[in-house]
Protein chains: 2
Amino acid sequence: MNIHDIAKIAGVSKSTVSRYLNGGSISQRTRDKIDKVVKETGYAPNQFAQSLKAKRTQMIGVIVPRLNSFASNETLLGIETYLRQQHHQTIIVNTDLDVTLEINALYSLAKNKVDGILLFATQITDEHLKAFDTIATPVILVGQSYRGLHSIVQNDYEAGLAIGEYFGKTSLSRIAYLGVGEYDKAVGIHRKNGVLEGLKHFNKVADDYETTFKLSDAKERAKQLLSAYDAVICATDNIALGVLKAAYDLDIKVPEQLSISGFGGYETTSIVTPMITTVAFPYQRTGKCAAASMLALLEGKDIPYLQRMDFQIIEKESVDIY
Amino acid sequence: MNIHDIAKIAGVSKSTVSRYLNGGSISQRTRDKIDKVVKETGYAPNQFAQSLKAKRTQMIGVIVPRLNSFASNETLLGIETYLRQQHHQTIIVNTDLDVTLEINALYSLAKNKVDGILLFATQITDEHLKAFDTIATPVILVGQSYRGLHSIVQNDYEAGLAIGEYFGKTSLSRIAYLGVGEYDKAVGIHRKNGVLEGLKHFNKVADDYETTFKLSDAKERAKQLLSAYDAVICATDNIALGVLKAAYDLDIKVPEQLSISGFGGYETTSIVTPMITTVAFPYQRTGKCAAASMLALLEGKDIPYLQRMDFQIIEKESVDIY
DNA sequence: CTGTTAGCGCCTTCAG
DNA sequence: CTGAAGGCGCTAACAG
């Protein structure tokens, strides 16, 4: 069942049907005729034939480093929801934190002629830049920023600052910061700098330790140093949960003997008892914003190169996000 | 840069290049020539032009009811990983638990000419059956089974049985089962029946209550009935977490005064303290199995109509999944 | 407002 | 083994 068949049945020409499909000017009578035939046959135009001409596929590619992280999934939810409403398809590619796969995904999505690519970046290498250059597909970075590329990021520095000041105001003085490597600019640098600066406003300092994004790594790292502190500020909620488990294993009471905080606003931090203070990032809205920015870009509109989302401190015991 | 350009540069005809691309018989010399040009230009054939003829798109559609559930995400991870390895793209459509959107998604993916559809079903209505019939695209059900349709499910009944017997063996006697509606056959019926049967083997019974999949609903429901029981078997881990929070609010000690169990093997249940006994379903493997079954189906291979995954009981405090 | 006519980029007979 | 020619389903001028 193709445009030709419909045209024949309706007694008009292919191009008239095409116009019908694409909102060209058509008399009410022929419109009704075609309408009827389309309804009866359940005809739907072949997307590939359409794409072949139109060069627009209504597909947006999304490259995510992992598919089992709260942040990714929530952001993805925001993206998919918005795109679906705007009649676009979401193609996802998971890279399992493998940079090579990430580069491949860029080329492969471009070859699939997606209209645009949303890249949940961790770091931007020369290979990335080369890929952006080679493929003619517009790319928007999510979660990291890079000069000259469209980026949507969490307000890591300000969020860090807020948490830093939050702890600054308390009477706690032996403070550790448990962060991640600086290869991740957003989390490893901006977030940390914010925290340290915030503490500084209250004439406090934190000892600076490093771990990975994995809960188990954080837990092991924490075990070595927990006894020396009465507060641990963690770079992510996941790390904070690792610290919490470590405290539990070492029989250190939270929050009586140790205060813990994270970043992210993961569901879990509100479930664990005691609750952990955290900064909630608006991941779903971030996703929506990214998707909307992409569609705007594709329509030739100007969008700012850097967009920062807002955030919110969730103090322990003060809210239940359900 | 299209097949014509390549042909011109290589000094051969379009059809020769086409054969080169599709493994037709070609002399070594011309193959080398074309090879060189393709490498130099970075030419990649237009997928849409290909699909227009070939009718195979190397794309698999996945319809999920939610994008913020551990089970969905893990299964999705399994699917995406496998498909990527097999050089297929994953298109996801989230339906937000809306049946109408689910039906739409079926038609829309078919129109997008995906090679196959993996449907995370909750219920199968007449509209579903009609859609399956109308679209010529193969569909595999994930998580629910339906007579005459290819399905991959968790072994809900046996898992329920195992948990039932697990509690049967204990000295606990005042037992509640907190489940979901029977519209969900897998969880609402099979899982429950298993539990009740397992308890029966030890001459025990459970009072049967109903809630939704939402943690907050479960929490509220639990508050009303917790005081009367010393064990609550929950249909999902999410529900179990709701019950745990309710117990916390009511100052009921877990596990001293109340035992709680769930189904799913969510990360969270191993983080909360005390840990909750749960049945771990192999979601990632389920996803991989679903994807592999689909590709097998598309190659014309025979696959069983019903495939059941295995499961594993995780007793509280006995493991740390990290 | 409508029909005719070229392609879009690729694949696939069919000759040579 | 290779080239020419037609067509996949649709869109976009260009005439009427």
Side-chain angles (χ1 to χ4, degrees), chain A residues 1-38 41-59 87 89 107-108 110-115 135-137, chain B residues 1-38 41-59 87 107-115 135-137:
Chain A
M1 205 38 80
N2 62 25
I3 202 173
H4 182 240
D5 300 321
I6 303 299
K8 217 166 46 183
I9 300 178
V12 296
S13 79
K14 288 196 312 176
S15 28
T16 306
V17 177
S18 177
R19 269 189 286 270
Y20 161 89
L21 256 18
N22 299 288
S25 53
I26 277 192
S27 76
Q28 192 55 48
R29 282 195 52 236
T30 46
R31 176 182 305 284
D32 291 341
K33 271 196 301 190
I34 300 177
D35 221 40
K36 187 151 161 283
V37 178
V38 167
T41 59
Y43 162 77
N46 181 311
Q47 298 252 328
F48 297 103
Q50 279 184 321
S51 307
L52 193 54
K53 291 294 292 191
K55 307 288 192 191
R56 286 284 297 262
T57 61
Q58 312 283 89
M59 291 179 179
H87 307 288
Q89 300 278 165
Y107 289 110
S108 136
K111 179 174 149 190
N112 270 279
K113 294 276 188 295
V114 296
D115 292 341
I135 68 181
T137 317
Chain B
M1 206 34 85
N2 62 25
I3 201 173
H4 181 241
D5 300 321
I6 303 299
K8 218 165 44 183
I9 300 177
V12 296
S13 79
K14 288 196 310 177
S15 23
T16 305
V17 177
S18 178
R19 269 189 285 271
Y20 161 88
L21 255 19
N22 299 287
S25 53
I26 276 190
S27 76
Q28 192 56 49
R29 283 195 50 238
T30 46
R31 175 183 309 283
D32 291 341
K33 270 196 303 191
I34 300 177
D35 222 40
K36 185 151 163 284
V37 178
V38 168
T41 59
Y43 163 76
N46 180 313
Q47 298 251 325
F48 298 101
Q50 280 183 318
S51 306
L52 195 55
K53 297 288 294 188
K55 308 290 190 192
R56 284 285 296 262
T57 60
Q58 312 284 90
M59 289 180 179
H87 307 288
Y107 289 110
S108 136
L109 285 173
K111 179 174 146 189
N112 269 280
K113 294 276 187 295
V114 296
D115 292 341
I135 67 181
T137 317

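Just so we're on the same page: letters track the sequence lines, and every chain starts at 1.
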* Structure fact -> Taken to the nearest whole Å, CD1/B:Ile26 to C1'/C:dC11 is 13 Å
* Structure fact -> note: A:His4, atom NE2; D:dT11, atom P; distance rounded to Å ~ 15 Å
Look at [X] and [N] and indicate whether a side-chain polar atom (N or O) is within less than 4.0 Å of OP1 or OP2.
X       : N      : value
A:Asn2  : D:dC8  : no
B:Gln50 : C:dG9  : no
A:Tyr43 : D:dC10 : yes
A:Asn46 : D:dG9  : no

* Axis-to-axis angle across the helix from C:dC1-D:dG16 to C:dG16-D:dC1, five pairs an end, to 10 degrees? -> 40°
* Pairs touching residues 12-35 of chain B that satisfy salt bridge (Lys or Arg N to Asp or Glu O under 4.0 Å), sequence neighbours left out -> B:Asp35-B:Lys39
At a cut-off of 3.5 Å, list every protein nitrogen or oxygen paired with a nitrogen or oxygen from nucleotides 14-16 of chain D, distance to 0.1 Å.
none

* Asked: Who pairs with B:Lys36 by salt bridge (charged side-chain N to carboxylate O under 4.0 Å, His left out), at least two apart in sequence or on another chain?
  -> B:Glu40
* Structure fact -> Within residues 27-38 of chain B, those residues having any heavy atom closer than 4.0 Å to DNA chain C are none
* Tell me which residues in residues 9-17 of chain B put a heavy atom below 4.0 Å from DNA chain D, sorted by number, or none. => B:Val12, B:Ser13, B:Ser15, B:Thr16
